[in-house]
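Position 1 is the first residue of the sequence; numbering continues from there.
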Amino acid sequence: MRVLLIHADRFSYHVTEKTSAVSKLAELDESAMKGSVDEALVAFLASEKADERNVESVATQAAKTITDQARELGAPTVMLYPYAHLSSDLSSPRVATKALTRIRELMEAEEELEIREAPFGFYKGFDIVCKGHPLSELAKTILPGEEEAESTGDESEALKAEEILESDWRVMTPDGGNVPATEFKQKMERGFRAMYNYELEGSRAVGEPPA
């Protein structure tokens, strides 16, 4: 699954017409024909062929990624937006709807978040105003967990060691100080905090080529 997260001042969409991914007989509820949110994290999602190996794994990872980012940014609302244009290797519509439904179900369990969703299988126009701060945009590629681990038997010893490594994260200050990172986190500037969170997560997945 491809995930593009944008922290937005405001976001709105309106349905224009059906795509071939839905039945010609399908009818969309009037309340879903358009929607708008303010101060929200917009999650553009595209389900890929690889997701068909383990939809639950992909949905669980995606829900956690979106939830963690919303909490980090303090965004009270999340808009889930199906966006097939993120990939050229799409899953079947059946798998895509199953994955999107499961992501919504998992995220709705988070009481502090309001979850909104744009309809799958329809062409839509949208307007978005991105906040533009260093953490306002994030792109990730999510693969099924267990299957991917089994298929990549040549994982490096260094990455295996990282999984069991117990780390003591500290910040060295210009005056020679040595401060536990958890105590220093509130003083971190956005760029430094983003680097710290990336290293703390321990993920080496690449969501997109560097600029």
Side-chain angles (χ1 to χ4, degrees), residues 1-8 11 13 15-29 31-35 37 40-73 75 77-126 128 137-152 201 203-208:
M1 174 171 284
R2 298 296 179 98
V3 179
L4 174 63
L5 304 179
I6 296 182
H7 193 197
F11 174 83
Y13 76 87
V15 171
T16 56
E17 59 182 285
K18 298 176 184 177
T19 72
S20 58
V22 295
S23 167
K24 292 182 178 180
L25 299 177
E27 293 295 335
L28 193 61
D29 188 270
S31 63
M33 292 294 291
K34 61 182 179 179
V37 289
L41 180 64
V42 183
F44 294 90
L45 304 167
S47 182
E48 299 186 288
K49 283 287 185 183
D51 300 353
E52 298 175 0
R53 300 203 305 265
N54 192 333
V55 175
E56 182 67 20
S57 172
V58 170
T60 300
Q61 292 180 71
K64 184 179 187 305
T65 294
I66 300 167
T67 299
D68 288 351
Q69 186 72 352
R71 287 173 174 164
E72 174 73 15
L73 298 172
T77 305
V78 173
M79 169 66 78
L80 302 177
Y81 192 88
Y83 197 61
H85 306 288
L86 292 177
S87 176
S88 60
D89 189 27
L90 297 173
S91 71
S92 68
R94 180 186 63 81
V95 169
T97 54
K98 183 177 179 180
L100 291 166
T101 298
R102 186 58 179 145
I103 291 171
R104 187 189 70 244
E105 291 173 347
L106 291 168
M107 295 194 65
E108 285 178 340
E110 306 295 333
E111 295 181 357
E112 74 275 19
L113 292 177
E114 178 187 358
I115 309 302
R116 304 280 296 277
E117 183 179 22
F120 172 83
F122 292 82
Y123 291 113
K124 299 175 288 289
F126 68 84
I128 187 168
E137 299 171 75
L138 173 67
K140 294 193 73 172
T141 298
I142 295 175
L143 298 172
E146 295 180 359
E147 287 73 9
E148 187 64 16
E150 292 173 359
S151 65
T152 54
E201 182 183 7
S203 173
R204 294 298 178 266
V206 178
E208 63 179 2

For [X] and [Y], which heavy atoms make the closest approach, and how far apart are they?
X    : Y    : answer
N54  : P144 : CB-CB, 3.8 Å
A75  : L113 : O-CD2, 3.4 Å
T16  : G125 : CG2-N, 4.2 Å
R102 : A59  : CG-CB, 3.6 Å
A32  : V15  : O-CG2, 3.8 Å
M107 : A63  : CG-CB, 3.8 Å

Nearest 0.5 Å, please: how far is [atom2] in [Y] from [atom1] in [X]?
X   : Y    : atom1 : atom2 : answer
M79 : L41  : CE    : CG    : 11.0 Å
M1  : L143 : CE    : CG    : 11.5 Å
T67 : E110 : OG1   : CD    : 4.5 Å
K18 : Y123 : NZ    : OH    : 13.0 Å
L73 : I6   : CG    : CD1   : 12.0 Å
Y13 : R116 : OH    : CZ    : 7.5 Å

Answer yes or no: is there a donor N or O on one side and an acceptor on the other, between the side chain of [X] and the main chain of [Y], under 3.5 Å?
X    : Y    : answer
E52  : V95  : no
T19  : G121 : yes
S47  : S91  : no
K140 : L138 : no

Exercise. Run the ring-centre check on F126 versus F44 and record whether the distance is less than 6.0 Å.
Key: yes
Exercise. Before giving the answer on side-chain contact (heavy atoms from CB on, under 4.5 Å), spell out for R104 and T101 the whole-Å C-alpha distance, their side-chain angles and the decisive distance to 0.1 Å.
Key: CA-CA 5 Å; R104 187 189 70 244; T101 298; 3.8 Å; yes
Practice problem: Take E114 and V37 through the test side-chain contact (heavy atoms from CB on, under 4.5 Å) and record every step on the way to the result. | Solution: CA-CA 10 Å; E114 178 187 358; V37 289; over 6 Å; no
Quiz prompt | K98 NZ: over 12 foreign heavy atoms closer than 6.0 Å | solution =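 12 or below, so no.
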Self-check item: Aromatic ring pairing Y83/Y81, orientation class (parallel under 30°, perpendicular over 60°, tilted between)
Solution: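 Rings of Y83 and Y81: tilted, 30 to 60°.
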Self-check item: Residue from R2, E48, Q61 passing side-chain contact (heavy atoms from CB on, under 4.5 Å) with I142
Solution: Q61
Practice problem: Apply side-chain contact (heavy atoms from CB on, under 4.5 Å) to I66 and L45, showing your working. | Solution: CA-CA 11 Å; I66 300 167; L45 304 167; 4.1 Å; yes
Exercise. Could you check E112 against R71 for side-chain contact (heavy atoms from CB on, under 4.5 Å), going step by step and ending with a plain yes or no?
Key: CA-CA 9 Å; E112 74 275 19; R71 287 173 174 164; 2.7 Å; yes
